[in-house]
Amino acid sequence: MARWIMLGLTILGAALMFSTKSVGLLSIGLLCAVVGFFGFVFVVVADRVSASARPETSMAAADDLAALRKRATLPRPRPSNAGSALARPGADAAPTSPANEALSIDASDSSVRRQTS
């Protein structure tokens, strides 16, 4: 409803601007047109935002948010390297970059050949 009121105010102001010969009515028409235009833009934007907003019923409760924060601050267990190729006895420490990883695999396993690109 507000969208149509603002659009009507804009059209009324523009019609008043183009049809008057008085400076006072011209300024009132210009003011109506500018206020109506910006009001129309803000109403359209507000309708778009409210159409895509999440309803209040799907928001998480305060207790759920507190539980999520508590869970996020807990220390995470470190993953084990039991299944990796570098976890063999006598293998070097874990590499720090993919290039080092390729070199360490080549160095530790003589059957793997280095591929050139």
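None of these values were measured; they are calculated from a predicted model.
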Donor-acceptor pairs under 3.5 angstrom involving side-chain atoms of residues 62-69: please list them, not counting sequence neighbours.
none

Could you pull out all donor-acceptor pairs under 3.5 Å where a side-chain atom in residues 4-14 meets a protein atom, sequence neighbours excluded?
unit_1	atom_1	unit_2	atom_2	d
Thr10	OG1	Met6	O	2.9
Thr10	OG1	Gly36	O	3.2
Thr10	OG1	Phe37	N	2.9

Worksheet item: For residues 12-23, which residue pairs qualify under salt bridge (charged side-chain N to carboxylate O under 4.0 Å, His left out), counting only residues two or more places apart or in two chains?
Response: none

Discussion item. Could you see if Val35 belongs to whatever hydrophobic cluster contains Phe38? Use Ile, Leu, Val, Met, Phe, Trp, Tyr and a side-chain cutoff under 4.5 Å.
Written reply: no

Fill in: Residues in side chain to side chain contact (heavy atoms under 4.5 Å, CB included) contact with Ser22, at least two apart in sequence or another chain
Thr20, Leu25

Worksheet item: Of the non-hydrogen atoms in Met17 and Ala33, which two are nearest, and what is the gap between them?
Response: CE-CB, 4.1 Å

Item to complete: Keeping to residues at least two apart or across chains, list the salt bridge (charged side-chain N to carboxylate O under 4.0 Å, His left out) pairs with something in residues 26-42.
Response: none

Worksheet item: Can you list every pair that meets side-chain hydrogen bond (donor to acceptor under 3.5 Å, both in side chains) and has a residue in residues 29-49, with sequence neighbours left out?
Response: Arg3-Asp47

